[in-house]
Each structure stands twice: as structure tokens, then as C-alpha cells.
Amino acid sequence: MAIIRTENVTKGFGGLIAVNRVSVDIHPEQLTSIIGPNGAGKSTFFNIITGFFKPDEGRIFFRDEDITGLPIHQIVRKGISRSFQILNIFEESTVWDNVWVAVQGSLGYGKELLGRVEKLAGVEEETSRIIAEMGLEYEGGSQVKYLSYGEKRLLEIALALTTRPKILLLDEPMSGLPADERRRISAYIKQIAQAVTVVVVEHDMDVVMAISDRILVMYEGRILASGTPAEVRQDVRVQEAYLGAMP
Amino acid sequence: MIKSQSTAKQRAFPGLFRSIHPLAVMVIIFAAFPAIPLIGRFLSLGTEVVIWSLFALGFNILLGYTGLTSFGHGAYFGIGAYGAAIAFLRLSHSLWLCLLIGTLVGGLFAALVGLIVANKRGIYFSLLTIAFSQMFFFIAFRWDEFTGGETGLTGIDRQTLKLVNLAVNLRNPIAYYYFVLAVFALCAVIIWRIVHSPFGRVLRAIKENELRAKYLGYNTEAYKWAAFTISGLFAALGGSLYTFLINSAYAFGLEWVQSGNVVMMTLLGGGTVSFFGPVVGAAIFITCRDLLSAYFEHWLLFYGLLFVIVILYVPTGILGAAAKLRKKHKG
């Protein structure tokens with residue numbers, strides 16, 4: 001059973017059809033990458049799956065349950081989480097507070113109007129664990145805006161993971177990162193993919209080819225091809241439209 | 001690990017008061033007010049300051065902690081005032097009951113408006129709050145039979161309050177001042193607890209990045225509605241207390257000017273960076289209003305200028321600027 005299934009999903013903005021009748025199955029326990037040139041509709045497709053946009057047409061299913069048009073928080077609670085192309089974290093807060101508020105929600109807290117934060121069972125321990133796992137234990141009290149870009153990316157992925165997703169969608173996680181940070185993040189993504197289904201939109205072909213089990217190629221709002229990295233690399237249509245001749 | 005548990009206690013009152021909870025310091029300062037030479041005899045002014053401090057503290061749950069700028073909360077202050085007045089004139093002379101009815105009626109209106117505006121953002125949110133407040137104002141202004149229209153409702157009287165074996169004559173301005181201060185102190189504790197609770201943490205997350213808060217699984221619209229309603233309840237309680245201060249209720253209490261005043265107080269004092277900002281803002285605003293209006297016919301001109309200066313040069317308000325200075329001084 002596919003973890004995510006879309007049927008003829010279409011989304012337009014004015015006269016532009018950004019996503020055009022896309023039907024795909026995302027299989028669990030696979031790391032799937034979506035590639036394609038700028039404007040191919042990759043991020044819009046992500047935004048539709050995660051509830052940021054409602055599709056004009058088509059349906060989205062999560063484990064065979066129709067989730068089309070559900071509000072974002074309900075989609076997240078079902079087990080779909082994401083990161084963004086442009087960093088989306090609590091920039092003015094500390095690392096500790098970023099993770100705390102995420103963990104608090106994941107453990108079902110947040111409605112306690114007069115409760116004490118220090119009395120929430122398990123939140124402090126879980127927050128500490130996640131920060132340590134990211135290797136940011138010495139940055140816990142630092143404001144996020146003072147972290148390196150790579151650390152912020154790491155934090156964003158960690159925030160997305162605190163919701164305990166069944167599937168994690170990462171929108172250009174390598175964007176703007178230097179080579180050493182790319183290695184760190186791609187290793188982290190591979191580690192996550194051991195436990196969670198991961199879908200990545202990414203332009204860095206070295207990373208995509210190295211980490212993916214399956215690749216979907218989007219072009220002008222449609223799915224142009226799909227397959228293993230080797231299959232996609234050899235696909236003539238993909239080479240013409242996006243990759244060019246690859247060695 | 002370095003955590004960031006904020007020590008608001010230390011930030012708010014350095015030095016001598018460091019070991020005392022800042023809420024207690026605030027209440028002690030207010031409690032000492034009647035004993036202060038010269039200004040202490042202006043008890044009505046002092047009571048007004050405490051009432052507006054309560055209104056502004058509650059309002060700051062919405063503005064300072066959730067990041068939503070309502071220009072219509074004066075309406076709930078005014079509806080609370082009318083609710084208490086109508087309850088007194090038509091139902092019961094019990095102060096407790098009148099305050100309860102005024103608060104609940106104002107809070108109910110806030111809850112209903114909140115349902116409509118909670119999913120709106122930015123300018124659309126602010127404009128809708130003004131629109132509702134003006135609508136309520138015109139209804140109150142025109143509905144003579146119920147609200148007294150232009151002349152308002154008069155004849156409200158503060159009765160003797162019976163507390164176990166103690167009878168307190170609230171007609172005495174000092175007694176009413178301390179009664180209002182006691183209500184304020186209780187509300188300040190509740191508001192403190194709210195903004196420092198798990199719920200308050202979510203509000204701050206929404207203020208900083210609502211989209212991320214949604215993607216953490218929080219139903220942000222429900223939280224914004226709750227913040228709107230809670231702040232409306234405190235506004236209405238403030239209005240109810242105000243009715244018993246001036247022994248009347250007027251439609252002008254609902255006007256957009258009142259809504260603008262509470263925004264100004266909150267920003268002036270530094271509500272966006274400090275829990276106590278609204279109280280400082282309310283104290284300065286009300287006191288200056290009385291002083292300026294005594295000497296200058298066009299005193300509102302100064303207020304407009306003050307608003308411009310605060311927005312342009314001290315956007316974090318007085319307490320924000322003070323904190324910056326202190327930080328700079330410490331090096």
C-alpha cells in the first residue's frame with residue numbers, strides 16, 4: 001500500500017498550470033527524490049500534499065485515507081511533516097525553545113491555560129535528547145539566528161521530526177549549504193530514512209543519486225519519468241529535458 | 001546544557017527587588033499609591049490607572065504574545081461597562097453579580113467576533129476588529145431604550161461589600177481603589193500564569209512563525225480565537241469596574257478611540273518585550289492625559305506625536321529601551 005497516493009492532482013495560478021494531473025504513489029520505507037528544472041512544479045506538489053495549497057482538481061490519499069483539503073494541523077497529526085525551501089523555524093527564539101514547543105505539541109500538550117511548563121512530563125527529557133542528537137547541545141541557549149546555515153537546516157528537519165511523522169517531505173534541504181554541510185545533512189537524511197519514509201525535492205544531482213531509492217522527474221507540471229537512479233540517469237527524455245548527457 | 005528559561009523576575013526589577021516576585025512588586029507599588037504625597041490624593045485617577053492596566057495586561061495576551069493587533073478591543077471594554085450597568089439597573093445591586101455579568105457579556109461578544117476574525121491576518125484582521133467595534137458603538141449610541149443612547153446609563157451606585165464578617169463601604173474612594181487593586185492583582189496572576197503556560201508558549205510560537213506552528217500540528221486559529229476571547233474577557237472586566245468608578249456607562253466607551261488608547265498604552269510601555277509594559281504604559285498614558293488636558297486644549301496633538309515617536313524611535317517601548325540601555329551599560 002502506498003503511503004501517499006495522488007490522483008490527477010492539478011493546481012494552477014492564473015493562466016499557469018503549475019501541477020498538471022499528477023498521479024503518483026509514494027512507497028513506504030523508500031527514499032524518494034523529486035527532481036526537475038526550476039518551475040517544474042516540485043515545490044507546488046509538496047505544498048499540495050502538505051495542505052499549504054488546496055488542489056484545483058484531484059485527490060490526495062494518505063494510507064488510503066482521503067486527506068484532500070484538510071487543514072495543515074490535521075495533516076500533520078495524521079503523520080505528514082515537512083521542511084521548506086526557505087528556512088522555516090523560530091528565528092528569534094533559542095534552539096531549546098524551538099525544540100521545546102515542537103516536543104510539547106507532539107506529546108499532546110499546549111492547551112493547558114494555567115499549567116506550568118516545567119511540569120509537563122517528558123518534554124524536557126525529549127527536548128534534551130533531540131538537541132543532543134543534532135549535536136547542538138552547546139547551542140541550546142543560543143538564539144537560532146546565530147547558528148550557521150547548516151545548523152539551522154538541521155534544526156528545521158529536527159522540528160519536522162518531532163511531530164513523529166510517518167512521512168517526511170524535505171524541500172531542497174541542501175540549498176545554500178557548503179560542501180561539508182551538505183555531507184552532514186545528507187548523512188542525517190539517510191539516517192532518518194531508516195525509520196521514516198522520506199521524500200526529497202533537490203537540485204544537487206550528486207546527493208540525489210547517492211541517497212535515493214527512487215526518483216520522480218517532474219517537467220512542466222507533469223511526471224516525466226520515474227525509476228531507480230540508474231534508470232532515470234539513462235532515460236533519454238530526462239536527459240533531454242533536465243540532466244543533459246550524463247557520463 | 002544551556003537552557004533559556006527566561007528569568008523575567010530579574011529582567012523586570014533589578015537590584016533590591018530581585019528576590020521578590022515582580023507581580024508582588026507591582027502590586028506593592030500600586031498599594032502605596034494613596035500614601036504618595038501630592039498625587040496620592042487623586043484616587044479616581046489612580047483607580048482609572050489600575051483599571052486600564054488590567055485592560056492593557058489582558059490585551060497584551062493578544063498583541064504582545066500572539067502578535068495580533070486588534071483596534072477594536074475598546075468595544076469589549078464598553079460592552080462590559082454596559083453589561084454591568086444594565087445588570088445593576090435591571091437585575092441586581094450585587095457588585096459581584098454585576099461584574100460577572102459585564103465580564104461574561106463582553107467576553108461572549110469577543111468570542112463571537114473572534115470566530116470570524118481568527119483566521120484573518122495582518123491588515124484584514126485589524127480592519128475587521130475596527131469594523132465590529134464601530135458597529136457595536138453605533139448600536140449602543142442609537143439604541144436609546146436599552147443603552148440610554150447619547151446620555152448613557154446613570155444612577156449606578158457602589159454598594160457596601162460584605163466579605164464574611166467584614167463590611168466594606170465601596171462608596172469610599174480609597175476602599176474602591178483597593179477593591180479594584182485586589183481584582184487587578186488576582187487577574188495579573190492569572191494573566192502571568194497564562195502567558196507562561198504551555199498555552200502561552202504556543203501563542204508566542206504563533207507570533208513568531210504561525211506557519212511553522214501549524215506544521216508542528218497546532219490548530220493556530222483555535223489558539224488565536226482563545227487569545228482574542230480571553231483578552232476580551234479582561235477588557236470587559238475592566239469596563240465593568242470602570243462603570244462602578246464613574247457610576248455610569250456611555251456609548252463612547254465602545255468607540256475606536258478607546259481601542260487605540262489600549263494599543264498605545266501597550267506599545268508605549270513595552271508590551272511587546274515585557275509582561276509589565278502595558279502597566280507602565282497605562283500609568284504614563286492616563287497620568288499624562290490628565291496633566292496635559294488640564295493645561296492644553298489640544299492635548300491630543302501631543303498624543304499623536306508621542307505615538308509617532310514611539311513607533312519610529314522606540315518600537316520596543318519604555319521597558320524595551322530601558323532593557324537595551326541596561327544591557328549597553330553592562331557592556
Side-chain angles (χ1 to χ4, degrees), chain A residues 50-52 71-78 80-84 87-98 100-120 123-124 127-128 131-132 136-143 156 159-160 162-165, chain B residues 1-8 58 61 64-67 107 118-119 186-231 233-234 272-273 316 320 327:
Chain A
T50 55
F52 189 80
I72 291 169
H73 68 276
Q74 282 187 25
I75 287 177
V76 172
R77 284 183 198 163
K78 288 197 181 295
I80 301 175
S81 194
R82 69 170 295 178
S83 72
F84 288 80
L87 275 172
N88 197 291
I89 47 183
F90 302 108
E91 283 270 350
E92 296 298 318
S93 296
T94 61
V95 173
W96 176 268
D97 286 345
N98 263 264
W100 177 287
V101 77
V103 170
Q104 175 187 283
S106 75
L107 295 181
Y109 299 115
K111 295 187 184 77
E112 300 75 8
L113 203 59
L114 300 172
R116 292 179 183 276
V117 286
E118 62 273 19
K119 289 195 174 169
L120 300 183
V123 178
E124 186 162 340
T127 303
S128 294
I131 292 175
L136 292 177
E137 53 265 60
Y138 297 107
E139 307 288 349
S142 308
Q143 265 188 309
E156 192 191 23
L159 289 186
T162 55
T163 62
R164 302 174 180 193
Chain B
M1 177 182 307
I2 308 156
K3 292 183 198 170
S4 70
Q5 316 290 359
S6 58
T7 48
I61 294 173
Y65 288 91
T66 319
N119 62 349
L186 179 67
C187 291
V189 170
I190 292 170
I191 295 167
W192 176 276
R193 289 292 299 272
I194 289 173
V195 301
H196 292 95
S197 69
F199 173 84
R201 286 242 170 161
V202 181
L203 296 187
R204 275 184 280 167
I206 290 170
K207 180 189 176 186
E208 207 180 320
N209 186 342
E210 185 178 353
L211 186 61
R212 178 40 78 192
K214 280 184 182 180
Y215 276 105
L216 293 179
Y218 290 114
N219 182 357
T220 58
E221 283 169 18
Y223 281 91
K224 290 195 290 184
W225 172 81
F228 195 92
T229 305
I230 293 166
S231 59
L233 279 166
F234 286 111
T272 54
V273 292
T316 54
K327 206 171 168 184

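In what follows, chains are A, B, ... by sequence order, proteins preceding strands, each numbered from 1.
- Minimum interatomic distance between A/E91 and B/E208 (heavy atoms only, all atoms of both residues): N-OE2, 3.0 Å.
- Interface residue A/R82: backbone and side-chain heavy atoms are both found under 4.5 Å from chain B.
- When all heavy atoms of B/P198 and A/G115 are compared, the pair lying nearest together is CD-O, 3.4 Å.
- Between chain B and the residues A/S93, A/S106, A/S81, the largest count of heavy-atom pairs under 4.5 Å involves A/S93.
- Heavy-atom minimum distance, B/L216 versus A/T162: CD2-OG1, 4.2 Å.
- The closest side-chain donor-acceptor pair between A/T50 and B/Y215 falls under 3.5 angstrom.
- In terms of the side-chain contact (heavy atoms from CB on, under 4.5 Å) criterion, residue partners of B/V202 (sequence neighbours excluded) are, by chain and number, A/Q104, B/I206, B/Y218, B/Y223.
- A/L113 approaches B/S197 most closely through the heavy-atom pair O-OG, 3.1 Å.
- A heavy-atom distance below 4.5 Å is found between the side chains of A/E156 and B/R212.
- You'll find the side chain of A/K111 stays beyond 4.5 Å of the side chain of B/F199, heavy atoms only.
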Verdict with reasoning, B/L211 to A/I72, per side chain to side chain contact (heavy atoms under 4.5 Å, CB included) | CA-CA 9 Å; B/L211 186 61; A/I72 291 169; 4.2 Å; yes
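- With a 4.5 Å cut-off on non-hydrogen atoms, B/I230 touches chain A through its side chain but not through its backbone.
- In plain terms, the two heavy atoms of B/R201 and A/V101 that are nearest each other are O-CG2, 3.9 Å.
- Here CG of A/L114 is found 6.0 Å from CZ of B/R193. Values are rounded to the nearest 0.5 Å.
- Between the side chain of B/N209 and the backbone N or O of A/I89 there is at least one donor-acceptor pair closer than 3.5 Å.
- By the ring pair (Phe, Tyr, Trp, His ring centres under 6.0 Å) test, A/F52 pairs with no residue at all, sequence neighbours left out.
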